[in-house]
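First up is the structure itself, then whatever we jot down about it.
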Amino acid sequence: MTRSQRRQPLDAFCRSRLIWGSVVLVLFPLGAAAQGDEVGAAFRTEAPAAWRAYFEANKYAQGTSRTVKSDLKGEIRWLMRPGCDLVENRYLTAGKIELHAMNSKYAFTLKRSTTGPWVLADSHPMPVPRHIEESLILKRLGEGLTPIDEVVGTRPGGPRLWDVMGSPQTRLAEVVGEEYEGRRTTHAKLTTDLPVNRGQRLVGLELWVDPGRAWLPLKIRTRYAAALATQGYEIEVREHTYGDGPNPLPKYTRWTQDSISPTGERQMSLSGQVELELSAATIPPEEQFTLSAFGLPEPLGVVWPKRSFTWVWFVAAGVGLVISMLGFRWLSRRAARCRSAAP
């Protein structure tokens with residue numbers, strides 16, 4: 001057997017391996033691209049509807065948020081119902097408490113120390129006239145994000161996640177499946193240009209969401225451009241941990257906020273960790289959003305209808321009737337037994 005004949009099987013083997021290797025190299029990116037397209041399609045169609053449904057189900061969630069690691073330690077109590085809002089800020093480092101509330105008839109601000117009584121600081125009838133619509137009360141109420149807004153929103157006055165996704169200014173740059181803290185998540189990068197507040201614009205959004213739990217965001221990274229290019233931009237990151245159950249509410253949030261100069265240098269950095277205790281089971285009555293709820297007189301001319309307890313009398317009458325019927329029945333059976341036992 002000549003040398004060339006001995007090499008023929010080896011050459012055939014090498015050529016077959018080369019062909020199959022080329023096929024794998026060609027098909028692998030096609031398969032990865034198809035998987036990426038599938039993840040992206042699910043993210044575009046399912047996530048915005050899931051975020052909106054989550055917000056509608058929990059937008060009146062009540063409870064407290066406690067800042068446990070930050071330069072500004074404090075506690076915030078949230079109370080909400082349709083047409084009413086109440087936010088109580090406890091500034092633990094400053095030893096003071098400030099409360100802003102709004103009901104269907106008026107809005108007000110209360111202040112006190114940690115041990116003193118409530119003092120009325122400001123009040124306006126509702127609806128607030130146009131010439132004072134930037135009142136201190138409504139401005140303070142609007143400055144803070146509720147815990148649910150922080151899950152599905154950007155900044156106060158800015159768009160929520162489904163609005164960002166639906167904007168013609170938004171482009172979905174990349175969507176991939178990715179591991180995040182032991183969970184299989186969808187990692188999406190978006191570019192946009194939407195107004196937020198104070199002249200800032202939302203220009204970038206990065207999300208890590210859990211498709212197995214209503215697409216809840218586990219991490220949100222936002223980029224805000226300043227009104228002037230010479231002022232640089234800000235990077236904000238929020239990470240959320242949720243409770244259990246069919247309607248998981250946020251339990252823990254970590255956040256960082258960095259101000260970046262136009263040259264890329266970090267100018268200022270803030271961070272904090274917040275513990276949350278929330279419930280969306282009940283909606284409080286409007287009486288809890290009034291001055292009377294804090295031991296103060298109502299504004300002149302404001303009269304709230306007294307709650308009627310007529311239903312209590314109807315319930316008591318019904319219970320009494322049932323007891324009477326059972327008593328008469330027992331007496332009649334006893335009388336019948338006595339007659340049958342008589343000689």
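The shown structure was predicted, so the numbers you read here are calculated from the model rather than taken from an experiment.
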Restricting to side chain to side chain donor-acceptor pair (under 3.5 Å), what partner residues turn up for [X], sequence neighbours left out?
| X | value |
| --- | --- |
| Trp162 | none |
| Arg77 | Glu88 |
| Gln288 | none |
| Thr191 | none |

Can you see which heavy atom on Pro250 is nearest to which on Leu276, and at what distance? O-CB, 3.5 Å
Other residues, nucleotides, ligands: >12 heavy atoms within 6.0 Å of [X] [atom1]:
| X | atom1 | answer |
| --- | --- | --- |
| Lys219 | NZ | yes |
| Gln267 | CD | yes |
| Arg213 | CZ | yes |

Check salt bridge (Lys or Arg N to Asp or Glu O under 4.0 Å) between [X] and all other residues, then give those that pass, not counting sequence neighbours.
| X | answer |
| --- | --- |
| Asp122 | none |
| Glu275 | none |
| Glu179 | none |
| Glu298 | none |

Students should find that the hydrophobic cluster of Phe289, defined by side-chain heavy atoms under 4.5 Å apart, otherwise consists of Leu79, Leu86, Ile97, Leu99, Tyr106, Phe108, Leu110, Trp118, Leu120, Leu291, Phe294, Leu296, Val302, Trp304
Got a sec, which residues hit side chain to side chain contact (heavy atoms under 4.5 Å, CB included) with Pro82, two or more places apart in sequence or on another chain? Tyr60, Ile283
Return the set of residues passing side chain to side chain contact (heavy atoms under 4.5 Å, CB included) with Asp193 (not counting sequence neighbours), or none when no residue passes. Arg201, Val203
Can you tell me how far CZ of Arg223 sits from OH of Tyr233, rounded to the nearest 0.5 angstrom? 4.5 Å
Is the shortest side-chain N to carboxylate O distance from Glu277 to Arg66 below 4.0 Å? yes
Distance-only criterion, 3.5 Å: show the donor-acceptor pairs between side-chain atoms of residues 150-157 and protein atoms not counting sequence neighbours.
from   : atom 1 : to     : atom 2 : distance (Å)
Thr154 : OG1    : Pro159 : O      : 2.7
Arg155 : NE     : Glu236 : OE1    : 3.3
Arg155 : NH1    : Gln200 : OE1    : 2.5
Arg155 : NH1    : Glu234 : OE1    : 3.1
Arg155 : NH2    : Glu234 : OE1    : 2.5
Arg155 : NH2    : Glu236 : OE1    : 3.3

Can you tell if the side chain of Asp258 reaches within under 4.5 Å of the side chain of Ile260, non-hydrogen atoms only? yes
Pair Tyr180-Glu239, side-chain donor/acceptor within less than 3.5 Å: yes
